[in-house]
Every structure is written in structure tokens, then in C-alpha cells.
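The structure appears below as C-alpha cells.
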Amino acid sequence: MIVGVPREIYPGERRVALVPGVIASLAKAGMEVVIEAGSGASAGYMDADYLAKGAKIAAERTEVFRTADVIVQVLCYGANDRTGNEDVPLMRRDQALIGFLRPLGSEQSVKEIAATGVRAFSMELMPRITRAQSMDVLSSMATVGGYKAVLLAADMLPRLFPMMSTAAGTVTPARIFVIGAGVAGLQAIATSRRLGAVTSAYDMRPVAKEQVMSLGGRFVELPIEAKDAQDASGYAREQGEDFYRKQRELLGQVVSESDVVITTAVIPGKKSPILVTGEMVQKMAPGSVIVDLAAERGGNCELTVPGEISIQHDVTIVGLFNLASTVPYHASQMYAKNVATFLLHLVKDGKLRLDIADEIIRDTWLTDGGEIVNKRLRELYSLPALAAPAAASTGTVEPSGPADAGEVKKP
Ligand SMILES: NC(=O)c1ccc[n+]([C@@H]2O[C@H](COP(=O)([O-])OP(=O)(O)OC[C@H]3O[C@@H](n4cnc5c(N)ncnc54)[C@H](O)[C@@H]3O)[C@@H](O)[C@H]2O)c1
């Protein structure tokens, strides 16, 4: 089985989907890697490093798509909404595609991908179960993003982070407030603490309190309770506008007393709730910094300009996307390890093991044989249930891809 890695083409993207370090484990399972020349260079992985581990280098992108049984990317079309459509004509029916596809936010591109007949697996849809933790790319990238958010804030803040007692006097530590203590938020708290800042955090999921405190952060308690704060997968549930309004009122004072606010509050597939208003920004001290990690889905701060750094009311507001790509060496290493683990799970004896009874495969399997085969996505897009795949959750889906492309296990 040939696994192909095309160069990432989203403008400014520096990650690569596979690093040389995972090639040996794939080879052991009968997978050969073909990588487009120069794909790893911006992350610090040279063609010679891939060659030394037994990969082949293809001079042309078209050659990668032509020869590979499985294409592995970081940002596939869908997640790459700028240039990803260039790959659509290269996708083919007897091929698998694995990567970020942003299925909850890009219906049109998912439909175009499905129409090529490609068998796509969306890494965003990985279930949050213990067995799948080593394949969880969202957590890996959130870890890198949370770390980088603090470094950006430290760089832009006109103050020092740690307390310092010097001959020139005592410097008081910076006050950092993290809203949303999930994977990114917890990493932001840990990084901020390492830099010596006084760090506090808030999350509407009550279980987050203990996690914040175990990292040395102060948990900000608000006298409101979210309804069914968390779903079965551990994700926050969307709340009503009343709840968000109350949150904003209560968060106002903490925000205005903070030098840095890092917001990470997202609801999968929904617009992010506004938790920091323009009025709250206005009350912050001049030079303060907000890093809005929810910017890609509209942002948690009312004044965030998605994709940009702006200065408003003398406060720097960072709305940049995709911070993980700015730490490409380790972000690629983590992504590659997650994807390689998924490949090893999916491929058995040189074939895709399409066992629909396996939650990991069933949940990530997005398109096949010209259709969107994922039950959750069909519901989200208001598509009628597929005749056979209507029973997706009961394990009887048989994709209409070519019979020799994979083994479909019917329980
Ligand atoms: N395999 C697994 O078991 C697994 C994998 C990854 C994450 N998790 C857990 O899932 C949880 C969430 O993970 P995530 O970081 O990916 O979530 P996320 O990126 O979807 O959300 C970020 C955080 O924002 C919070 N949030 C959302 N709306 C909010 C609001 N209005 N006010 C305050 N906070 C708000 C959420 O509760 C969450 O903690 C974590 O507890 C994490 O440990 C489990």
C-alpha cells in the first residue's frame, strides 16, 4: 500500500502530514511512503531525512496523487478553503484521503470531495474515547496553539510576565486570564505559569476546576450554572443567549483587571459565543493583550478581526488562525504520530479494514463511492439517510467503493 504526502498548499501553512520518524512503523505494516519533494522543508524535515528512512520522493504533486492508495494531508480541501480545490481533480475513486476536512463548517467542499468518489476520513471527527487518544489531532494542535498563544501575548505585552526583585525595584507579575480550560486553555495556563505570571481561568464545565487548580491556576467561579454543560464526548454544549449575557456581565470585572486574556471557548460546529464585549475591552489597561483562539469560528471577543492582529482601545487583539502551524516542527511530529497511529489502525494486510462496528472508523469515515456516508454529517446537512448506510450506527454500512480497495466487515 502506498501512502502519499502532497506538500501543504494553504498559504503560509508550514506543517507536513508525515515526518521521517513515523516511516519505519508504517513500513513494518507494509506501507510505503511517497512524499512530494520539499514537503517537510518548512517544518525542518528535509527530503534527505525522508529518503534515509526509506521513503520515495516524487517531483510532482500529480505523481503523488496518481501513485498513492492513501493520501495523507494536514489541510485537505474543506479545511483549506483558499487553494484546496486545486486537489479535487486529482482525487480518484479507488483512493483514500485522510486529514483535516472541516466537515462541520464546509458542506459545499465536502460535497465536492464526495463527488470525486474518494474515500475520505476526517480527523476532526475522531471520537473522544480513550482508545482514540493517540489519534486525536485536535488535541495535539490545541496543545501547540495554547502554548503559542501565551508566547504571542508575552511578546506583545509591554510588561514582564514574572515577578522580579531587582536592584532597580520590584516588578509585579502579569495577570493572565484564560477563558475556556479545555486542551488549549490548560496548555495556556501551564505555559503562563512557567513564565511566572499570575494565572486564573474559567470554564463553564465544572470538571475543569480541578484541572485548572492542578496546574497552579486560580479558578474563577461564577454564580451561574450551565445547563448540561458537557456532552458525552466531553465537549461543551451550546447555551442560550441568556446564559452568555449573564456570563459577560460576570466576567467583566475579571477581564478588566487582567493584562492578558486568552479565549478558547468554542462549541464544535457552531459560532463561538461572545464572552468579551467591546465595552470590556475598553476598560482594560492600555497595552493589554487579548489572544482569541476561537477567532476562526467568529471569536470570543466582539472586536476580534478574524485572521488579523488589531489594536483597538489601545488593546492588542490577536485573531490569527492556525497557531499550530507557527510551531511546525513539533506540530508536524504530533500530527504525524496521530495519523500514523490511525493508519496502523485502519490498514491490515495491505488493505483498508473498513470495520463499521469500530467507532474510530465509523465516526471518521466521511465520504465513499460518491456519497457522504457519515451518519452525523448526513443529519447535519439534512440529507436523507442512505439506503444501506441508514444503519450506520448499527454497523451495516457497505460503501460503494471498488470491491478491491478495502475489506468491508459486516458484523
Ligand atoms: N480522548 C479523550 O477522552 C479526550 C480528548 C480530547 C479532549 N478531551 C476533553 O474534552 C474537554 C474539552 O476539550 P477541548 O479543549 O477540545 O474543547 P473545545 O476546544 O471544544 O472547547 C474549549 C473549552 O471552552 C469551553 N467553553 C465553551 N463554551 C464556554 C463558555 N461559554 N464559557 C466558558 N467556557 C466555555 C469548553 O468547556 C472547553 O473546555 C476537555 O476536558 C478535554 O480534557 C477528552
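The structure presented is a predicted model; accordingly, all values stated were derived computationally and were not measured. Every number for a ligand or one of its atoms is a count from 1 in the order of the listing. Sequential numbering from 1 along the given sequence is applied to the chain's residues.
In terms of protein heavy-atom proximity, atom 15 (O) of ligand 1 is nearest to V183 N, 2.6 Å. At the top of the distance list for atom 11 (C) of ligand 1, counting protein heavy atoms only, stands G234 O, 3.2 Å. For atom 22 (C) of ligand 1, the nearest protein heavy atom (residue, atom name, distance) is T264 O, 3.2 Å. Counting protein heavy atoms only, atom 2 (C) of ligand 1 is closest to Q133 NE2, 3.7 Å. Looking at atom 29 (C) of ligand 1, its nearest protein heavy atom turns out to be A265 CB, 3.5 Å. Of all protein heavy atoms, the one closest to atom 8 (N) of ligand 1 is R128 NH1, 3.7 Å. With hydrogens left out, the protein atom closest to atom 40 (C) of ligand 1 is R205 NH2, 3.5 Å, a heavy atom.
A salt bridge does not link E225 to K227: none of the charged side-chain nitrogens sits closer than 4.0 Å to a carboxylate oxygen. Between D358 and R353 a salt bridge is recorded (basic side-chain N to carboxylate O distance below 4.0 Å). In summary, E371 and K111 do not engage in a salt bridge, as defined by a charged side-chain N under 4.0 Å from a carboxylate O. A salt bridge between E124 and R102 is absent, with no side-chain N of the basic residue lying under 4.0 Å from a carboxylate O of the acidic one. Salt bridge annotation for E221-K209: present, with a cationic side-chain nitrogen under 4.0 angstrom from a carboxylate oxygen. Between R175 and D259 a salt bridge is recorded (basic side-chain N to carboxylate O distance below 4.0 Å).
Ligand 1 is approached by A181 to a heavy-atom distance shorter than 4.0 Å. For L138, the closest heavy-atom approach to ligand 1 does not fall below 4.0 Å. Using a 4.0 angstrom heavy-atom cutoff, A132 does not count as in contact with ligand 1.
Using bins of under 30°, 30° to 60° and over 60° for the plane-to-plane angle, the ring pair Y45/Y329 lands in the parallel bin. Using a 30° and 60° split on the angle between ring planes, F121 and W365 fall in the parallel class, below 30°.
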Step by step, would you call F100 with Y335 a ring-ring contact (aromatic ring centres under 6.0 Å, His included)? CA-CA 11 Å; F100 280 120; Y335 186 86; 5.7 Å; yes
Run the side chain to side chain contact (heavy atoms under 4.5 Å, CB included) check on K56 and Y50 step by step: do they pass? CA-CA 7 Å; K56 291 201 173 112; Y50 288 96; over 6 Å; no
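Listed by atom number, the atoms of ligand 1 under 4.0 Å from Y235 heavy atoms are 20 (O). Heavy-atom proximity to Y244, at under 4.0 Å, picks out these atoms of ligand 1: 31 (N). Short contacts between ligand 1 and A236, defined as distances under 4.0 Å to a heavy atom of the residue, involve ligand atoms 27 (C), 36 (C), 37 (O). Listed by atom number, the atoms of ligand 1 under 4.0 Å from D136 heavy atoms are 5 (C), 6 (C). Remark: ligand 1 atoms within the under-4.0 Å shell around heavy atoms of V266 are 18 (P), 19 (O), 20 (O), 21 (O), 24 (O), 27 (C).
Here's the thing with P268: none of its N/O atoms is less than 3.5 angstrom from an N/O atom of ligand 1. At least one N or O atom of D203, backbone or side chain, sits closer than 3.5 Å to an N or O atom of ligand 1. Taking any N or O of S139, backbone or side chain, none lies under 3.5 Å from an N or O belonging to ligand 1. Checked by distance only, ligand 1 and Q247 come closer than 3.5 Å through their nitrogen or oxygen atoms.
Expressed to the nearest 0.5 Å, how far OG1 of T199 lies from CZ of R193 amounts to 6.0 Å.
At distances below 3.5 Å, not a single donor-acceptor pair connects side-chain atoms of R92 with backbone N or O atoms of G117.
For atom 43 (O) of ligand 1, the nearest protein heavy atom is 4.0 Å or more away.
Looking at M204, Q230, E238 and measuring to atom 34 (N) of ligand 1, the nearest heavy atom belongs to M204.
Inter-residue side-chain proximity for R82 and N80 is flagged as met; some heavy-atom pair is nearer than 4.5 Å.
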